[in-house]
Amino acid sequence: MRRTRSPHDGRSEQSFDKFGLLIRRFGPYATVQGALLLSDVTSGIAEDFVNAKGRSRRGHVADPAVATRLVRRSVLRTAFRTLRELGLSDQDPTRDIVPPTRSHEGVRPLTEDEAVLLRHHAAYATRPTRHAAAAALALADGHSGEIGHTVVADLDLPRSRVWMHGARKYDPRWCRLDAWSRHVLTERARHVLAQHPNKSTARLAVSCAPAPDPALQARSCVALRDLLRRIGLDGEPDVTPASVTTRAAVETFESTGRIEESARRLGLRSLDRAAAIVGYDWQNDPTYTDGGQARA
C-alpha cells in the first residue's frame, strides 16, 4: 500500500500525533461523562469536549481558540465517519456542533490540522488520483478556475513549483510546492502521461478531454468538495474549495508578516482583499496602534 504523505513532512507527523492524542483523550473524557459504549456518546458530550477549556502556554485556564475547537470537531467527526464506514456505529454526535466562525469574505481558510487531514484523505492506495492532484494544486494556492487548466508541462519539479495560468481575477504566477504536493504531482504526472503522452495537454486534476472553462472549474470543485466531505467539513457554510486554496496564503502571512507575499501567492492585485482573506486587520495592527483602536 502506497500513500502520498511524505515521510519527511515533520509537521504532518506532528499533526497526526495530535489527532491520536485527541482521540485518546476523548475516550476517558466520554467515560467520565457516562458513555461506556459508542452508542452512549451524545451530541452534548461531543460538544462539551470540543468546547472544553484548557491551559494556555502560560498555564492559565482559558476557553479554547477557534482553531482548537475546529480541529477537535474535525477529529471526532472523522473518527465517527470511519466507524460508520466500518459498520461499527450509525451516529454522528458532532453533526450539530457549530464553533464560532472566523471567516473572511464569507470563507475561512482551512486550519493547519484540517489541511493535514485533507492530505491524508487525498492519499491513494493503488494509483495517483485526480483528487490528490486537485488537493496538491489547491494547497499550492491554485484557484478552482486555474486547477482544471494545469497540465504536466506546467510543472517545474527541479524547482518545486507549478505555473498557474491565472484567471479573470487572478494573475499568472509560479506557485511553490511543498514536499507532499511535489510528490503527489510527480506521481500523477507519470500516471497521466502513460495514457496521454502530450505534456502540453495532459491535465493533472481533470480529464484531458476538451471542455469549456466552466466545466473544468466545476470538475475541480467537485474533487475538492468530495475531499472536504471526507474530513467532515461538508455542510459548513464558510468552508468551500477556496478554503483549501487560501491555506498556504495564511501560512505565508503568519511566517513572514508581509501581506504582499500572501497577495502574490494568490495572484491578487488588491492588498486589501488579501488582508481580508487571511484575516489581517491592518487598520488595527497593534504594531502601529499599541493595541488600541485606530483613529478615524
Side-chain angles (χ1 to χ4, degrees), residues 3-6 9 11-26 41 43 46-47 49-50 64-86 88-103 107-125 128-142 144 147 178 180-181 183-184 205 220-251:
R3 305 194 72 86
T4 57
R5 183 169 57 88
S6 169
D9 190 345
R11 184 180 61 195
S12 294
E13 293 290 350
Q14 294 171 7
S15 295
F16 280 117
D17 288 344
K18 183 187 297 184
F19 300 152
L21 176 62
L22 283 172
I23 289 297
R24 290 193 294 273
R25 285 180 177 174
F26 180 69
V41 178
S43 59
E47 185 169 13
F49 177 77
V50 169
V66 172
T68 299
R69 296 180 187 183
L70 288 169
V71 73
R72 288 176 181 173
R73 186 187 59 168
S74 290
V75 168
L76 288 185
R77 185 168 290 178
T78 299
F80 276 93
R81 182 184 297 277
T82 301
L83 290 170
R84 291 198 303 277
E85 292 173 350
L86 294 174
L88 300 176
S89 176
D90 60 356
Q91 63 188 42
D92 178 8
T94 68
R95 181 177 54 194
D96 298 321
I97 300 176
V98 182
T101 183
R102 59 170 193 175
S103 61
V107 177
R108 71 166 179 84
L110 294 187
T111 66
E112 176 184 326
D113 302 290
E114 289 168 344
V116 172
L117 269 178
L118 191 84
R119 290 185 181 97
H120 176 65
H121 283 269
Y124 57 88
T129 66
R130 63 184 180 85
H131 288 79
L137 292 170
L139 289 169
D141 284 317
S144 59
I147 291 173
D178 61 21
W180 182 87
S181 295
H183 176 68
V184 165
S220 301
C221 288
V222 167
L224 292 172
R225 288 187 185 280
D226 188 41
L227 288 174
L228 292 172
R229 178 191 62 78
R230 294 183 197 178
I231 64 173
L233 293 178
D234 54 323
E236 299 283 326
D238 57 353
V239 176
T240 72
S243 299
V244 186
T245 299
T246 54
R247 173 63 220 160
V250 172
E251 291 178 347

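Counting heavy atoms from C-beta outward, T78 and H121 have side chains that approach closer than 4.5 Å. Side-chain contact between W180 and L139 is present, with heavy atoms from C-beta onward closer than 4.5 Å. Residues V244 and L227 are not in side-chain contact: their nearest non-hydrogen atoms beyond the backbone lie 4.5 Å or more apart. In this structure, the side chains of L233 and L118 stay at 4.5 Å or more apart for every pair of heavy atoms.
Judged by distance alone, the side chain of T245 and the main-chain N or O of G142 form a donor-acceptor pair under 3.5 Å. Between the T246 side chain and the A249 main chain, no donor and acceptor come within less than 3.5 Å of each other.
Minimum heavy-atom separation, L117 to I231: O-CG2, 3.6 Å. For F80 against V41, the heavy-atom pair with the smallest separation is CZ-CG1, 3.9 Å. The nearest pair of heavy atoms linking A122 to A135 is CB-CB, 4.1 Å. When all heavy atoms are compared, the tightest approach of A134 to I147 is O-CD1, 3.9 Å. Here the closest heavy-atom approach between residue S144 and residue C221 is recorded as CB-SG, 3.6 Å. Here the closest heavy-atom approach between residue A79 and residue I23 is recorded as CB-CD1, 3.8 Å.
Partners of R230 by side-chain hydrogen bond (donor to acceptor under 3.5 Å, both in side chains), not counting sequence neighbours, listed by chain and number: D226.
Between E251 and R247 a salt bridge is recorded (basic side-chain N to carboxylate O distance below 4.0 Å).
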*Which is it for R72 and R25 under the side-chain contact (heavy atoms from CB on, under 4.5 Å) test, yes or no, and what are the steps along the way?*
CA-CA 11 Å; R72 288 176 181 173; R25 285 180 177 174; 6.0 Å; no
_side-chain contact (heavy atoms from CB on, under 4.5 Å) between L76 and V50, intermediate numbers included_ = CA-CA 9 Å; L76 288 185; V50 169; 4.3 Å; yes
*Is there a side-chain contact (heavy atoms from CB on, under 4.5 Å) between R81 and D92 once you walk through the steps?*
CA-CA 7 Å; R81 182 184 297 277; D92 178 8; 5.9 Å; no
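If you take OG1 on T240 and CG on L228, they are separated by 8.0 Å, rounding to the nearest 0.5 Å.
Of the candidates R119, R73, R108, E114 forms a side chain to side chain donor-acceptor pair (under 3.5 Å) with just one, namely R108.
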